[in-house]
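In what follows, every heavy atom counts, from backbone to side chain, and hydrogens, waters and symmetry copies are set aside. One-based numbering, in listed order, for ligands and for the atoms of each. Everything numeric here is computed off the predicted structure, so don't read it as measured data.
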Amino acid sequence: MDAHNQIAQRTLRLEKAAQTDWDIIIVGGGITGAGIFRQASLDGYKTLLVEKNDFASGTSWGSSKLIHGGLRYLEQYNFSLVAESIKEKSYLLTYAPHLVHPLPFMFPVFHNDRKPLWMIYLGTWLYALLARFESTPTWFSSQKLLNKIPYLRAKGLTGGVLYQDAQTIDARLTLSSILSGLQDHAMAINHCMCLAWIEDSSKITGVRIQDGLTQKSYHVQGKWIIDATGPWQESKYKDRVAMVYSKGSHLVIQDNPFQLTSAVTMFSPEDGRVMFCIPWLGHTLVGTTDEATQETPDHVETTAKEVAYMQQTLQHYFPHQTNYTIISAFSALRTLIGSTSKNLSALKRDHQINIPKSGLVQVYGGKLTAFTKIALDVMHAIQKQDGSAFSIRHHQTFASVLDVEPLRLTAKDIETLITNEMACSVSDILIQRTFCNLRLADHGQQYIPLITELLQKHFHYTDQQMHKQVHDYLQKCIAIDQLIKKESKA
Ligand SMILES: Cc1cc2nc3c(=O)[nH]c(=O)nc-3n(C[C@H](O)[C@H](O)[C@H](O)COP(=O)(O)OP(=O)(O)OC[C@H]3O[C@@H](n4cnc5c(N)ncnc54)[C@H](O)[C@@H]3O)c2cc1C
């Protein structure tokens with residue numbers, strides 16, 4: 001077989017998938033599915049994962065990219081979620097050190113903020129206590145704080161608190177988790193959609209899947225099907241968990257115009273919600289919004305209203321630095337467990353596991369931070385039903401992924417992304433693998449000729465297929481450019 005023909009290789013793998021009796025089939029290759037894939041495969045289960053687009057092309061690409069305990073959940077007295085998240089943070093800092101890094105956060109406090117400085121300080125000590133004092137918070141007077149963040153608003157500033165959390169590259173962590181689980185007895189395929197569950201009156205026994213690159217479909221049998229489709233989840237079963245969808249958007253600001261040496265925790269002046277301004281891969285991320293939406297996860301877009309909301313917070317915190325450039329914006333949907341769309345920020349961010357019918361496990365809600373715990377909980381739910389021994393956490397380092405510098409993306413990098421990291425399209429490379437769409441002012445369009453040449457070499461795409469891929473990518477860029485041109489400051 002032609003070693004460059006990725007399509008022929010995929011087809012062989014899919015035919016093999018259809019002939020295998022899988023222990024576990026995971027539908028959805030976001031961080032939840034990826035975490036379960038790693039855990040199940042390392043446990044020795046024959047595991048298949050199918051993802052309809054690219055891995056991490058849903059919410060797990062559009063998060064705030066924080067691995068955090070969630071200081072704000074202390075306000076909701078959700079100590080168990082905070083304690084669990086802190087434990088997860090510690091695990092990921094140890095076993096995924098190439099993708100999860102410590103990040104200091106400064107919490108400046110002003111007169112008239114909805115919490116006084118002493119209360120924030122107390123909260124950060126409680127946070128430190130839950131983390132068994134791995135790090136302790138530091139109190140800053142207003143003057144000391146202004147020396148550290150010169151562009152911060154001085155008027156009304158009472159001081160601040162510095163505390164520790166961590167940061168990641170969400171889509172890369174997702175891919176690393178999948179690569180960690182790729183063994184002889186496990187398979188993960190992107191651009192492969194689950195069309196339907198195969199079931200009889202008492203049990204789900206498999207799935208019908210379709211290869212998005214060839215349109216061929218296959219029946220695949222499995223003992224357990226795990227629905228990890230996040231905001232795409234729908235269920236015809238009566239005991240479906242009630243869910244609300246909330247949209248969260250971010251702005252990417254070029255470079256570091258606010259001269260940040262830490263992330264900054266902020267309260268929105270409009271509604272008092274917690275927001276962040278975060279240094280990320282040489283740029284600054286600002287977010288997020290949190291509003292109920294009817295948008296579907298396939299078409300979720302940042303609106304001008306959201307851009308204005310985020311800029312209002314920047315203006316409030318950094319009134320003397322209006323000379324910044326927004327280079328991109330992105331949005332994703334949160335799946336929150338609950339039935340009210342009022343005061344979404346108050347809804348809990350915990351996860352829930354449901355077995356509505358024998359052979360089917362559905363995972364709801366959750367956080368990026370908690371993905372290895374969610375994976376363990378899913379395995380335990382299955383093992384409880386099967387009466388088998390409970391899995392334990394695997395203490396081995398997550399697989400490495402290519403560290404791409406978007407300003408110097410080479411042909412060799414692109415070939416590696418195709419052959420080692422399963423990139424199949426222009427968007428896979430410029431969005432999920434390299435974040436060029438967020439990190440470069442031209443969204444990586446300079447690389448399109450090189451990428452298309454290499455994709456055609458490996459996938460033998462027709463000109464028409466290639467044209468469609470480029471067109472789809474450029475449409476996304478145009479939509480963002482239209483939004484930010486309208487809103488960006490000179
Ligand atoms: C704005 C925002 C900011 C956030 N920030 C943070 C943060 O900083 N830290 C944190 O811990 N958490 C954060 N979260 C939460 C976190 O991002 C999510 O909990 C997590 O990404 C959910 O992952 P998932 O795998 O469940 O869903 P997704 O990532 O959405 O994955 C579901 C996947 O299923 C696939 N799929 C759907 N239907 C099918 C089908 N029929 N066949 C095959 N595949 C299918 C989709 O293509 C998708 O890739 C944030 C969430 C949002 C919205």
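- Shown here is R132, whose CZ atom has no more than 12 heavy atoms of other residues, nucleotides or ligands within 6.0 Å.
- A ring-centre distance under 6.0 Å is not found for Y95 and F398.
- Enclosure of atom NE2 in H471 is not indicated, since only 12 or fewer non-hydrogen atoms of other residues, nucleotides or ligands lie within 6.0 angstrom.
- The part of V27 lying near ligand 1 is the side chain, judged by heavy-atom distances below 4.0 Å.
- Note: no N/O pair closer than 3.5 Å links D54 and ligand 1 by distance alone.
- Other residues, nucleotides and ligands contribute more than 12 heavy atoms inside 6.0 Å of the CG atom of D271.
- Taking every heavy atom of G248 and a limit of under 4.0 angstrom, the matching atoms of ligand 1 come to 1 (C).
- Geometrically, ligand 1 and T288 share no nitrogen or oxygen pair separated by less than 3.5 Å.
- Listed for the T124 side chain is a donor-acceptor partner under 3.5 Å among the backbone atoms of I120.
- For a threshold of 3.5 Å applied to N or O pairs, the pair formed by W232 and ligand 1 contains no separation below that value.
- Salt bridge status for D472 with K476: absent, with no side-chain N to carboxylate O gap under 4.0 Å.
- Ligand 1 has a nitrogen or oxygen under 3.5 angstrom from a nitrogen or oxygen of C194.
- No side-chain N or O of T369 forms a donor-acceptor pair with one of H68 less than 3.5 Å apart.
- For the pair E88 and K367, the salt-bridge criterion is not met [side-chain N within less than 4.0 Å of a carboxylate O].
- Among T288, T293, T59, T302, the one residue that satisfies the side-chain hydrogen bond (donor to acceptor under 3.5 Å, both in side chains) test with S331 is T302.
- Near V50, meaning under 4.0 Å from any of its heavy atoms, are these atoms of ligand 1: 43 (C), 44 (N).
- Between the side chain of T289 and the backbone N or O of S249, at least one donor-acceptor pair lies under 3.5 Å.
- Each of the atoms 29 (O), 30 (O), 49 (O) of ligand 1 lies under 4.0 Å from some heavy atom of G58.
- Close approach of ligand 1 to G28 (heavy-atom distance below 4.0 Å) involves ligand atoms 33 (C), 34 (O), 35 (C), 44 (N).
- The distance criterion of under 3.5 Å between nitrogen or oxygen atoms is met by G366 with respect to ligand 1.
- Here is the list of ligand 1 atoms found below 4.0 Å of a heavy atom in G62: 1 (C), 2 (C).
- Between the side chain of Y317 and the backbone N or O of F267, at least one donor-acceptor pair lies under 3.5 Å.
- Which of T59, L66, L368 comes nearest to atom 8 (O) of ligand 1 through a heavy atom is settled by distance: it is L66.
- The distance criterion of under 3.5 Å between nitrogen or oxygen atoms is not met by R334 with respect to ligand 1.
- Across S63, G287, A332, A196, heavy-atom proximity to atom 6 (C) of ligand 1 is greatest for S63.
- Numbered from 1 in the order shown, with element, the atoms of ligand 1 that lie under 4.0 Å from a heavy atom of T369 read 9 (N), 10 (C), 11 (O).
- For atom 24 (P) of ligand 1, the closest non-hydrogen atom of the protein is T32 OG1, 3.3 Å.
- Proximity of V363 to ligand 1, defined as any heavy-atom pair under 4.0 Å, is not found for any part of the residue.
- Counted by atom type alone, R334 and S246 present one or more donor-acceptor pairs between their side chains at under 3.5 Å.
- Of the protein's heavy atoms, T229 CG2, 3.6 Å lies nearest to atom 39 (C) of ligand 1.
- For ligand 1, the atoms sitting less than 4.0 Å from at least one non-hydrogen atom of L333 are 53 (C), numbered in the order shown with element in parentheses.
- For the residues S57, S60, G30, A166, the heavy atom positioned nearest atom 23 (O) of ligand 1 is part of S60.
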Apply the test side chain to side chain donor-acceptor pair (under 3.5 Å) to residues T372 and R393: give CA-CA distance (whole Å), side-chain angles for both, the deciding distance (0.1 Å), then the verdict.
-> CA-CA 8 Å; T372 61; R393 213 179 259 278; 2.8 Å; yes
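- In T174, neither the side chain nor the backbone holds a heavy atom less than 4.0 Å from any atom of ligand 1.
- A donor-acceptor contact closer than 3.5 angstrom is absent between the side chains of T296 and D298.
- Distance from atom 27 (O) of ligand 1 to its nearest protein heavy atom, with residue and atom name: G230 CA, 3.8 Å.
- A salt bridge between K65 and D170 is present, with a side-chain N of the basic residue lying under 4.0 Å from a carboxylate O of the acidic one.
- Of all atoms in ligand 1, listed by their number and element, those nearer than 4.0 Å to a heavy atom of P231 are 30 (O).
- Proximity of I31 to ligand 1, defined as any heavy-atom pair under 4.0 Å, is shared by backbone and side chain alike.
- With a heavy-atom cut-off of 4.0 Å, A228 touches ligand 1 through its backbone alone.
- Checked against a 3.5 angstrom limit, the closest N/O atoms of S64 and ligand 1 fall inside it.
- Of the polar atoms of H250, none of the N or O atoms is found under 3.5 Å from an N or O of ligand 1, judged by distance alone.
- Looking at S90 and E134, their side chains do bring a donor and an acceptor atom within 3.5 Å of each other.
- Of the protein's non-hydrogen atoms, the one nearest atom 44 (N) of ligand 1 is K52 N, 3.0 Å.
- Between G33 and ligand 1, not a single N/O pair is under 3.5 Å apart.
- Counting heavy-atom neighbours within 6.0 Å of K384 NZ, excluding the residue itself, gives a total of 12 or less.
- Residue contact annotation: H68 has a non-hydrogen atom under 4.0 Å from ligand 1.
- Residue E51 places at least one N or O, backbone or side chain, under 3.5 Å from an N or O of ligand 1.
- Under a 3.5 Å cut-off, the side chain of H443 and the backbone N or O of N437 do form a donor-acceptor pair.
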